[in-house]
Amino acid sequence: MTTHTSPNCGPRRNGARPDIVVIHYTAMQSAKAALKTLCDPQTEVSAHYLIAEDGEVLSLVPEDLRAWHAGAGQWGSVTDVNSRSIGIELANPGNCPFSAPQMDALQELLKGIKARWDMRPERVIGHSDMAPGRKIDPGPRFDWNRLAREGHAVWPEKADGDTAQFTANMHAFGYRATDDPDLLLQTFRLRFRPHADGPLDETDAGMIADLAARFPVDANATWV
């Protein structure tokens with residue numbers, strides 16, 4: 001791991017400590033370009049870590065400080081996501097697969113973060129999860145299922161679901177930044193069914209019902 005100090009950070013507000021990880025992609029052509037942006041005081045953006053395409057991990061902000069990566073949004077009851085999260089940027093323009101070395105490095109990084117902060121896998125989310133409609137990263141090419149298989153995220157099991165309960169179950173799992181049912185469906189599928197289309201169906205309803213039942217947001221947070 002290489003350390004590059006970003007000035008774009010500060011103390012976590014109100015004594016907060018991180019219990020969420022937010023995964024992003026840089027939407028830039030190279031890790032070098034992203035590093036320049038994340039360390040430029042004029043951009044007022046940063047992340048705790050940047051993972052290059054070849055798997056090199058760059059540390060930009062100490063984990064105990066508040067990086068400026070999440071912006072406006074919400075996950076469960078948390079509205080100041082920056083104060084409660086660790087941000088990880090993956091060097092990717094947004095339309096390319098994530099490399100194997102990059103995913104391997106992410107898994108190792110998450111393993112360490114989870115151990116240091118007692119982070120639960122359901123608290124590892126995408127930028128699109130907490131800012132639906134505003135952000136789409138890490139996007140449909142990101143392999144959430146792989147992270148879940150290694151215990152670094154969660155994945156739904158098959159279950160029966162009622163489409164009438166879809167919005168309520170989305171909120172119960174953590175998607176509370178919007179009440180728009182169409183946007184909720186779009187955001188859910190971006191992460192869990194990226195190749196699905198058409199109206200809300202029983203598969204969507206069953207998947208989110210399972211997630212809401214097993215991983216109710218905030219109930220399993222490491223601290224309140």
Side-chain angles (χ1 to χ4, degrees), residues 1-12 18 20-75 80-114 116-117 119 123-147 150 152-153 177 187 190-191 194:
M1 184 181 298
T2 305
T3 299
H4 296 263
T5 302
S6 173
N8 301 331
C9 61
R12 295 183 182 274
I20 300 170
V21 172
V22 182
I23 298 176
H24 310 254
Y25 61 51
T26 58
M28 303 186 75
Q29 292 302 312
S30 69
K32 182 178 180 181
L35 179 63
K36 182 178 180 180
T37 296
L38 294 168
C39 292
D40 183 348
Q42 294 188 356
T43 66
E44 297 187 344
V45 296
S46 63
H48 294 89
Y49 297 100
L50 168 64
I51 304 180
E53 301 88 342
D54 62 0
E56 181 185 9
V57 178
L58 308 175
S59 174
L60 310 182
V61 174
E63 290 179 2
D64 61 336
L65 294 181
R66 181 180 185 272
W68 305 342
H69 63 97
Q74 182 173 355
W75 187 249
D80 181 4
V81 178
N82 279 333
S83 285
R84 289 277 293 272
S85 67
I86 290 173
I88 301 174
E89 291 274 2
L90 302 176
N92 187 295
N95 58 356
C96 297
F98 295 86
S99 71
Q102 193 174 47
M103 291 298 294
D104 291 342
L106 173 62
Q107 290 190 175
E108 283 300 308
L109 181 59
L110 287 172
K111 182 178 179 180
I113 291 170
K114 288 169 61 183
R116 286 188 290 276
W117 298 101
M119 194 84 67
R123 306 290 284 183
V124 178
I125 64 173
H127 202 186
S128 59
D129 294 322
M130 52 134 310
R134 187 174 70 85
K135 295 293 181 178
I136 62 170
D137 54 312
R141 292 178 177 269
F142 185 77
D143 194 349
W144 285 104
N145 200 346
R146 171 179 171 170
L147 287 193
E150 298 297 326
H152 301 310
T187 303
L190 181 62
R191 176 167 170 181

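Since the model is a prediction, treat every value here as computed from it, not as a measurement.
Residues V61 and W68 have side chains not in contact (no heavy-atom distance under 4.5 Å, counting atoms from C-beta outward). A 4.5 Å side-chain heavy-atom check between F98 and I51 finds every atom pair outside the cut-off. With a 4.5 Å cut-off on side-chain heavy atoms, I113 and Y49 count as touching. Under the 4.5 Å side-chain criterion, counting only non-hydrogen atoms from C-beta, S46 is not in contact with L60. Between S59 and T3 there is a side-chain heavy-atom pair separated by less than 4.5 Å. The shortest distance between side-chain heavy atoms of R123 and R84 falls below 4.5 Å. By the 4.5 Å heavy-atom criterion applied to side chains, L38 and H69 are not counted as neighbours. Looking only at side-chain heavy atoms (C-beta outward), S6 and C39 come within less than 4.5 Å of each other.
The backbone N or O of P138 lies less than 3.5 Å from no partner atom in the side chain of R191, so there is not a single donor-acceptor pair. Without hydrogens or angle criteria, R66 side chain to C9 main chain gives no donor-acceptor distance under 3.5 Å. Side-chain N or O atoms of S83 include none that pairs as donor or acceptor with a backbone N or O of D80 at under 3.5 Å.
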Inset, instruction - Go through H152 and V124 one step at a time and tell me if the side-chain contact (heavy atoms from CB on, under 4.5 Å) criterion holds. - result: CA-CA 7 Å; H152 301 310; V124 178; 5.7 Å; no
Legend entry - Residue pair L109, M1: steps toward the side-chain contact (heavy atoms from CB on, under 4.5 Å) verdict: CA-CA 10 Å; L109 181 59; M1 184 181 298; 4.2 Å; yes
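Taking every heavy atom of both residues into account, T37 and N8 meet most closely at O-ND2, 4.5 Å. The two residues I86 and H48 have their closest heavy-atom pair at CA-ND1, 3.5 Å. Nearest heavy-atom pair, A72 versus R134, reported as atom, atom and distance to 0.1 Å: O-NH2, 2.7 Å. Smallest separation of non-hydrogen atoms from A31 and L50: O-CD2, 3.7 Å. In plain terms, the two heavy atoms of T26 and N92 that are nearest each other are OG1-N, 3.2 Å. Contact detail for L190 and I136: the closest heavy-atom pair is CD2-O, 3.4 Å.
Rounding to the nearest 0.5 Å places CD1 of I125 at 6.5 Å from CE of M130. Atom CH2 of W117 and atom CD1 of I20 lie 13.5 Å apart (nearest 0.5 Å). From C96, atom SG reaches atom CG of L90 across 13.0 Å, with rounding to the nearest 0.5 Å. Summarising the geometry, atom OG belonging to S128 is positioned 10.5 Å from atom NE2 belonging to H24; distances are rounded to the nearest 0.5 Å. Interatomic distance, L58 CG to E89 CD, rounded to the nearest 0.5 Å: 11.5 Å. Residue Q102 holds its CD atom at 6.5 Å from CD of E53, rounded to the nearest 0.5 Å.
When the side chain to side chain contact (heavy atoms under 4.5 Å, CB included) test is applied to R146, the partners found at least two apart in sequence or on another chain are M103, D104, Q107, D143, R149.
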